[in-house]
Number of protein chains: 2
Amino acid sequence: MTDPCNPLCDNCAIDASAEVNIEGDAEMGMQSNGRRKMVYVKGESVFTEGSQPSGVFCLKKGKVKIHKTGSHKKEQILRFAREGQLLGTRALIRNEYYTSSATTIEGSVLCFIPKHEFLAKLGKDDDLKAFVLSNLSNNLKLAEDKITQLSISSVGQRLAIIILRLIEVYGFEEDGRTVAIELTREEMANLVGAANETTIRLLSSFKRKGLILLNGRKLTVINAADLAKLAIATS
Amino acid sequence: MTDPCNPLCDNCAIDASAEVNIEGDAEMGMQSNGRRKMVYVKGESVFTEGSQPSGVFCLKKGKVKIHKTGSHKKEQILRFAREGQLLGTRALIRNEYYTSSATTIEGSVLCFIPKHEFLAKLGKDDDLKAFVLSNLSNNLKLAEDKITQLSISSVGQRLAIIILRLIEVYGFEEDGRTVAIELTREEMANLVGAANETTIRLLSSFKRKGLILLNGRKLTVINAADLAKLAIATS
DNA sequence: CGGTGCCTTGATACCAGTCAAATAAAGTGG
DNA sequence: CCACTTTATTTGACTGGTATCAAGGCACCG
């Protein structure tokens with residue numbers, strides 16, 4: 001279940017622990033090997049749907065959402081990246097434009113690896129190849145799960161599934177039950193693929209049922225077992 | 001857009017043009033190199049969700065659907081395989097159980113390549129590696145498109161998109177406008193992620209609007225342009 | 001204070017799912 | 001080849017889950 005570590009960046013000289021919360025635009029420092037360290041504040045775009053990739057990004061620290069904008073307004077969040085994962089590999093491998101966007105949801109540090117370096121290394125480093133293959137496979141599995149959920153589960157079920165999945169990916173805060181990621185209601189809705197208001201109503205209903213607590217954007221899970229039951233209910 | 005050819009099977013000794021329509025269970029003939037030629041009739045299962053992969057399959061001839069069964073009854077078709085594509089690579093690469101099933105939708109010939117052979121070749125053949133990477137990437141892109149469609153488009157839009165997509169994948173029959181694949185209404189519904197009856201109603205409405213013709217399971221596209229317009233309408 | 005953005009709740013409409021029943025089509029055995 | 005069963009398709013009526021529209025509350029901030 002856990003991903004292998006990333007052979008491209010394990011020995012990377014970039015210090016991820018650095019100043020994450022710096023204000024202003026993405027800050028970049030050139031490294032000796034052509035890589036660049038990029039520091040982003042919350043809500044900044046890493047790359048956008050439709051643009052041309054010039055390299056891949058490695059998420060060293062922070063949280064990034066991968067999302068897609070449909071024709072009209074509404075966006076769909078496809079997944080969140082974990083620290084250590086590579087972003088933008090799909091487009092580079094197929095030599096296509098990005099078909100999704102990446103945006104930070106908190107201050108983050110990424111390492112940019114130029115196209116030629118990535119492709120060259122991918123050509124000769126077997127560990128990297130295995131890492132990328134495994135990552136793509138896993139993302140495909142998650143995407144397919146999401147397709148199934150969207151077409152056969154209700155919004156309530158999907159919301160329950162997603163809360164549990166957020167715990168899987170990000171875990172809890174120190175209290176051991178508050179999910180370690182803060183999303184706006186809209187992001188939550190874009191994640192489940194439902195309207196904003198519907199999502200709020202369902203969160204409230206979960207709260208009334210004693211499954212969760214809500215405190216602003218903090219979400220505390222009180223009864224994960226019942227939440228899981230709800231997620232798999234027949235209808 | 002077109003996939004590169006498949007380095008694993010291009011020089012494969014298996015003759016795909018053989019007796020596709022043989023009755024009875026999947027027939028297999030051992031090849032010198034441990035591969036097996038498998039002949040399937042329509043509707044046979046190639047592999048099923050939850051079982052353990054022992055190799056990969058190459059679709060030499062025919063049509064295969066990749067689908068997933070949710071907890072309760074309804075199935076979701078994720079995609080169709082093209083001739084020349086490998087099936088079941090995801091599970092093997094991650095060393096996991098299958099998370100989806102593959103079923104023939106017409107008489108088909110597949111080549112089974114045992115796990116050890118596939119993994120060994122994947123380890124040393126760069127072309128194969130590139131092929132698999134490219135395929136996984138493309139499947140991921142398609143899956144993500146589907147997620148977006150499911151969450152922001154109406155059933156009618158999705159149906160239009162899927163008809164156009166079927167043309168892309170399978171093309172037309174000799175008349176140049178009848179889609180070269182025959183699906184049951186239920187398969188159509190499982191593909192768009194909607195109820196059977198809803199799908200039928202929408203197909204009828206497309207017919208009334210003069211966009212398509214229906215003749216049993218044959219679907220003839222009369223006005224592809226308007227179908228495309230319908231697919232991207234605001235709501 | 002009066003924005004501005006986010007969250008919440010209410011009322012209403014409608015898309016699409018479900019249930020039910022009538023054909024139509026496709027097998028099946030004699 | 002026909003009668004019979006089974007399965008697939010179609011249409012209708014109804015219901016309900018969600019989206020949409022609208023208004024109000026709340027917090028943060030210049």
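Every value quoted in this text rests on a predicted model; they were computed, and no experiment measured them. So that the names make sense, note that chain A is the first sequence line, chain B the second, and so on, each numbered from 1.
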Check the interface with nucleotides 22-28 of chain D: list each N/O to N/O pair with the protein under 3.5 Å, or write none.
none

Quiz item: Looking at residues at least two apart in the chain, or sitting in another chain, which of them share a side chain to side chain donor-acceptor pair (under 3.5 Å) with Ser101(B)?
Solution: none

Exercise. Round to the nearest Å and state the distance from Ile200(B) atom CD1 to dA25(C) atom C1'.
Key: 13 Å

Self-check item: Over 12 foreign heavy atoms within 6.0 Å of OH, Tyr97(B)
Solution: no

Quiz item: Phosphate oxygens OP1/OP2 of dT9(D): is one of them under 4.0 Å from a side-chain N or O of Arg217(B)?
Solution: yes

Quiz item: How are the rings of Tyr98(A) and Phe47(A) set relative to one another: parallel (under 30°), tilted (30 to 60°) or perpendicular (over 60°)?
Solution: parallel

Quiz prompt | Helical bend (five base pairs per end, nearest 10°) for the helix from dC1(C)-dG30(D) to dG30(C)-dC1(D) | solution = 40°

Kindly list each side-chain donor-acceptor pair under 3.5 angstrom involving residues 193-206 of chain A, sequence neighbours excluded, with atom names and distances?
from: Thr199(A); atom 1: OG1; to: Ala195(A); atom 2: O; distance (Å): 2.9
from: Ser204(A); atom 1: OG; to: Ile200(A); atom 2: O; distance (Å): 2.9
from: Ser205(A); atom 1: OG; to: Leu202(A); atom 2: O; distance (Å): 3.4

Quiz item: Hey, does the side chain of Ser204(A) come within less than 4.0 Å of dT8(C)'s phosphate (OP1/OP2), counting only N and O?
Solution: no

Exercise. Report the distance from atom CG of Leu150(B) to atom CD of Gln76(B), rounding to the nearest 0.5 Å.
Key: 6.0 Å

Quiz prompt | Gap separating the CG atom of Leu142(A) from the CG atom of Leu78(A), nearest 0.5 angstrom | solution = 11.0 Å

Quiz item: Roughly how far, to the nearest 0.5 Å, is CD of Glu182(A) from CG of Leu166(A)?
Solution: 12.0 Å

Exercise. Please say whether more than 12 non-hydrogen atoms of neighbouring residues, nucleotides or ligands are located less than 6.0 Å from CD in Glu186(B).
Key: no

Identify all pairs in which a protein N or O lies below 3.5 Å from an N or O of nucleotides 16-19 of chain D, and state each distance.
from: dT18(D); atom 1: OP1; to: Val155(A); atom 2: N; distance (Å): 3.0
from: dA19(D); atom 1: OP1; to: Ala195(A); atom 2: N; distance (Å): 3.4
from: dA19(D); atom 1: OP2; to: Ala195(A); atom 2: N; distance (Å): 3.2
from: dA19(D); atom 1: OP2; to: Thr198(A); atom 2: OG1; distance (Å): 2.5

Quiz item: What pairs with Asn190(B) under side chain to side chain donor-acceptor pair (under 3.5 Å), at least two apart in sequence or on another chain?
Solution: Glu75(B)

